[in-house]
Amino acid sequence: MCPRTVELGLQEYNQKVKLTAITAEEEIWRKHVLDSLLIFLALEIPAGARLVDVGTGAGIPGLLLKIYRPDLRVVLVESQRKKVTFLEEVVAKLGLQHIECLWSRAEELGRQEGYRESFDLAVARALAGMNTLVEYCLPLVRVGGSMVAYKGPGGEEELEAAARAIRMLGGKTGAVWRGRLPGGLEERMLITIRKETPTPALYPRRPGMPAKRPLA
């Protein structure tokens with residue numbers, strides 16, 4: 001099972017459906033595949049961990065993490081049906097097991113039994129500001145688990161602005177990994193938020209509210 005299959009499928013499907021603005025083969029490898037795998041430099045993910053990728057889009061990073069670590073139990077969450085269709089086709093072609101492609105919004109999933117506070121790890125990449133992102137992700141993470149936000153050089157300012165929201169949702173800022181993409185100057189930050197107490201029942205709010213009125 002190789003990310004190469006995802007790359008070819010992404011290039012082909014991208015001609016019909018806008019999955020990503022990055023289409024050059026080398027840049028897909030660098031800015032999607034390698035970028036996704038940086039998480040394994042930032043933290044140790046236990047064998048068999050249950051992982052949710054919120055706003056996965058073309059399966060980045062969640063699908064790539066599953067290919068790299070087949071032991072992970074992965075749920076890919078995406079609000080656009082056409083992207084979920086792409087993910088279902090790739091998963092079927094690769095014969096991946098213990099991976100679920102869900103057409104849903106994070107605000108809805110975070111209130112559903114079987115998903116709320118049930119994941120060891122939530123990840124999100126290029127989705128929203130931190131004060132919105134934590135309301136998408138932390139309700140899905142079990143106490144003792146973590147969320148990881150893939151961010152660029154502005155991540156520190158976002159983290160500072162989200163400090164109150166993180167506390168309100170039961171989280172605490174953990175390690176912040178800093179580095180650069182191979183072969184380039186792009187700065188990357190992976191911000192880990194640990195879940196220390198249950199998320200209050202009020203959260204997440206109804207769909208659209210976390211983005212419209214961030215908790216900050």
Side-chain angles (χ1 to χ4, degrees), residues 36-79 83-84 87-88 91 96-128 130-151 159 162 165-177 190-207 210-211 215:
S36 296
L37 299 182
L38 290 176
I39 194 171
F40 295 110
L41 299 178
L43 77 163
E44 184 175 344
I45 302 177
R50 192 176 189 219
L51 179 151
V52 59
D53 180 7
V54 177
T56 188
I60 303 167
L63 179 58
L64 296 166
L65 302 184
K66 173 65 178 179
I67 294 171
Y68 188 79
R69 282 277 305 273
D71 62 286
L72 298 177
R73 295 171 293 146
V74 174
V75 174
L76 305 176
V77 182
E78 174 53 47
S79 63
K83 294 181 179 180
V84 175
L87 294 171
E88 290 171 340
V91 167
L96 296 173
Q97 303 295 316
H98 305 298
I99 181 168
E100 187 177 4
C101 305
L102 288 182
W103 178 27
S104 178
R105 294 184 63 115
E107 302 99 316
E108 296 169 336
L109 198 67
R111 290 189 166 277
Q112 289 185 29
E113 185 178 355
Y115 296 101
R116 182 178 176 88
E117 296 195 323
S118 67
F119 292 92
D120 302 301
L121 180 64
V123 298
R125 178 180 180 270
L127 181 62
M130 279 295 295
N131 50 1
T132 297
L133 205 58
V134 293
E135 190 170 355
Y136 290 158
C137 293
L138 283 177
L140 293 165
V141 177
R142 65 171 179 81
V143 174
S146 300
M147 66 165 281
V148 173
Y150 287 69
K151 291 291 179 181
L159 182 59
I166 291 169
R167 292 194 300 270
M168 289 174 62
L169 296 165
K172 182 177 181 180
T173 303
V176 178
W177 182 91
L190 272 70
I191 300 172
T192 300
I193 308 295
R194 298 191 304 272
K195 182 76 170 283
E196 296 203 324
T197 59
T199 298
L202 177 64
Y203 304 106
R205 292 168 290 169
R206 61 182 174 83
L215 290 175

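A quick note: this is a predicted structure, and the numbers were derived from the prediction, not measured.
A donor-acceptor contact shorter than 3.5 Å is absent between the side chain of Arg69 and the backbone of Ala49. Formation of a donor-acceptor pair under 3.5 Å by the Glu117 side chain with backbone atoms of Pro198 is not found in this model. Of the possible polar contacts, one joining the Thr132 side chain to the Pro210 backbone as a donor-acceptor pair under 3.5 Å is found. Under the 3.5 Å distance criterion, the side-chain polar atoms of Lys66 are matched with a main-chain donor or acceptor of Gln97.
A distance of 8.0 Å separates CG in Leu87 from CD1 in Ile99, rounded to the nearest 0.5 Å. Note that CG of Asp53 is 6.0 Å distant from CG of Leu76, once rounded to the nearest 0.5 Å. Here Glu88 contributes atom CD and Glu100 contributes atom CD; the two are 10.0 Å apart, rounded to the nearest 0.5 Å. Here the OH-CZ distance, from Tyr115 to Arg50, works out to 6.5 Å after rounding to the nearest 0.5 Å.
Judged as a side chain to side chain contact (heavy atoms under 4.5 Å, CB included), and not counting sequence neighbours, the contacts of Arg111 are Pro204. Evaluation of the side chain to side chain contact (heavy atoms under 4.5 Å, CB included) rule for Ala126 yields no partner, not counting sequence neighbours. The side chain to side chain contact (heavy atoms under 4.5 Å, CB included) check on Thr197 picks up nothing, with sequence neighbours excluded. Here Arg105 pairs with Glu107 under the side-chain hydrogen bond (donor to acceptor under 3.5 Å, both in side chains) rule; sequence neighbours left out.
What you find for Leu215 and Ala165 is that their closest heavy atoms are CB-CB, 3.6 Å. Leu169 approaches Thr199 most closely through the heavy-atom pair O-OG1, 2.8 Å. In plain terms, the two heavy atoms of Pro46 and Glu44 that are nearest each other are CD-O, 3.6 Å. Across all their heavy atoms, Leu133 and Lys151 have their closest contact at CD2-CE, 4.2 Å.
Pairs passing the ring-ring contact (aromatic ring centres under 6.0 Å, His included) check and including a residue from residues 37-58, sequence neighbours excluded, read Phe40-Tyr68.
Side-chain contact between Met168 and Pro200 is absent, with no heavy atoms from C-beta onward closer than 4.5 Å. The side-chain heavy atoms of Val52 and Val123, taken from C-beta on, include no pair separated by under 4.5 Å. Counting only heavy atoms from C-beta outward, the side chains of Ile193 and Val141 never approach each other to under 4.5 Å.
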Using atom types as modelled, flag every donor-acceptor pair under 3.5 Å from a side chain in residues 142-150 to any protein atom, sequence neighbours excluded.
| from | atom 1 | to | atom 2 | distance (Å) |
| --- | --- | --- | --- | --- |
| Arg142 | NE | Asp120 | OD1 | 2.6 |
| Arg142 | NH2 | Asp120 | OD1 | 3.3 |
| Tyr150 | OH | Ser36 | O | 2.6 |

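Taking a 6.0 Å sphere around CH2 of Trp103, one finds it holds 12 or fewer heavy atoms contributed by other residues, nucleotides or ligands.
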